[in-house]
Amino acid sequence: MPRPEAMQSAANLPETNTVLGQPQLVVDGNQNPLLKVNGASATAWQYTLATLSSLNYQVVSKADHGYEATIQIDKQNYLLKLSTAGTSNTIALFKLDTTFADPAVATEVLTQISQNWPA
């Protein structure tokens with residue numbers, strides 16, 4: 001009878017989540033702009049915050065849990081949120097009532113983030 005193969009531990013698995021892909025601007029089924037980033041969500045969020053800082057967007061507050069930040073654009077506050085599904089992340093811009101931001105504003109902000117991404 002053959003011996004069972006040893007299971008791979010997390011330490012033996014290749015590190016696929018450490019390298020981030022370049023962000024891509026996409027739209028959802030309702031034509032809301034989203035920024036898609038493949039890789040580790042924590043790293044993607046750090047890069048997002050660094051990019052906001054380099055673009056001189058004011059971060060009004062950051063969530064204690066999850067990947068959310070309130071930012072100010074043209075004297076109006078918006079919620080920037082990173083959502084994760086496996087190694088695929090999406091970044092979206094919302095109004096504070098959690099409805100999607102105006103597509104023109106969201107496209108501008110997400111495009112700027114994509115073009116100034118540090119990786």
- [ ] Answer yes or no: are there more than 12 heavy-atom neighbours, outside Asp97 itself, under 6.0 Å from its atom CG?
- [x] yes

Task: Check: Leu52 and Gln58 side chains under 4.5 Å, non-hydrogen atoms - done: no

Open item on the list: Would you say Val60 ends up clustered with Leu96 if hydrophobic residues are merged whenever their side chains have heavy atoms under 4.5 Å apart, either directly or through other cluster members?
Closed with: no

Task: Inter-residue atom distance Trp45.CH2 - Lys62.NZ, 0.5 Å rounding - done: 9.0 Å

Open item on the list: Is it true that Tyr78 and Gln72 share a donor-acceptor pair across their side chains at a distance under 3.5 Å?
Closed with: no

Open item on the list: Can you tell me how far apart CG (Leu82) and CD (Gln46) are? Round to the nearest 0.5 Å.
Closed with: 11.5 Å

Task: Pairwise side-chain contact, Tyr47 with Ile113, heavy-atom cut-off 4.5 Å (strictly under) - done: no

- [ ] Look only at the side chain of Ser53 and the backbone of Leu49, and say whether a donor-acceptor pair between them is shorter than 3.5 Å.
- [x] no

- [ ] Flag the pair Leu35 / Thr90 as yes when at least one side-chain heavy-atom distance between them is below 4.5 Å, and no otherwise.
- [x] no

TODO: Check Thr43 against Leu20 and note the closest heavy-atom contact, atom names and distance.
DONE: CG2-CD1, 3.6 Å

Task: Heavy-atom closest contact (Val109 atom, Tyr57 atom, distance) - done: CG2-OH, 3.6 Å

Open item on the list: Let me confirm one number: the CG-CD1 distance from Leu80 to Ile71, rounded to the nearest 0.5 Å.
Closed with: 5.0 Å

Open item on the list: So which atom in Phe100 and which in Lys95 form the shortest heavy-atom distance, rounded to 0.1 Å?
Closed with: O-CE, 3.8 Å

Task: Point-to-point distance, once rounded to the nearest 0.5 Å, from OG1 of Thr48 to NZ of Lys81 - done: 14.0 Å

Task: Side chain proximity check, Lys36 to Ser88, heavy atoms < 4.5 angstrom - done: yes

Task: Pairwise side-chain contact, Ile91 with Leu110, heavy-atom cut-off 4.5 Å (strictly under) - done: yes

Open item on the list: For the OG1 atom of Thr107 and the CD atom of Gln112, what is their distance to the nearest 0.5 Å?
Closed with: 11.0 Å

Task: Stepwise side-chain contact (heavy atoms from CB on, under 4.5 Å) test for Leu79 and Leu93 - done: CA-CA 6 Å; Leu79 180 67; Leu93 190 68; over 6 Å; no

- [ ] Considering non-hydrogen atoms only, spot the tightest contact between Trp117 and Ala44 and give its length.
- [x] CH2-O, 3.5 Å

Open item on the list: So which atom in Asn30 and which in Asp28 form the shortest heavy-atom distance, rounded to 0.1 Å?
Closed with: N-OD1, 2.9 Å

Task: For Val37 against Gly21, the heavy-atom pair lying closest together - done: CG1-O, 3.9 Å

Open item on the list: Tell me whether Ser54 contacts the main-chain N or O of Thr51 through its side chain, where contact means a donor paired with an acceptor under 3.5 Å.
Closed with: yes

Task: Ala104 backbone acceptor or donor facing Asp102 side chain under 3.5 Å - done: yes

TODO: For the residue pair Val27 and Asn32, establish whether any side-chain heavy-atom pair is separated by less than 4.5 Å.
DONE: no

Task: Polar side chain donor-acceptor pair, Thr70 to Asn77, under 3.5 angstrom - done: no

Open item on the list: Asn89 vs Asn38, test: side-chain contact (heavy atoms from CB on, under 4.5 Å). Steps then yes/no.
Closed with: CA-CA 6 Å; Asn89 305 290; Asn38 291 320; over 6 Å; no

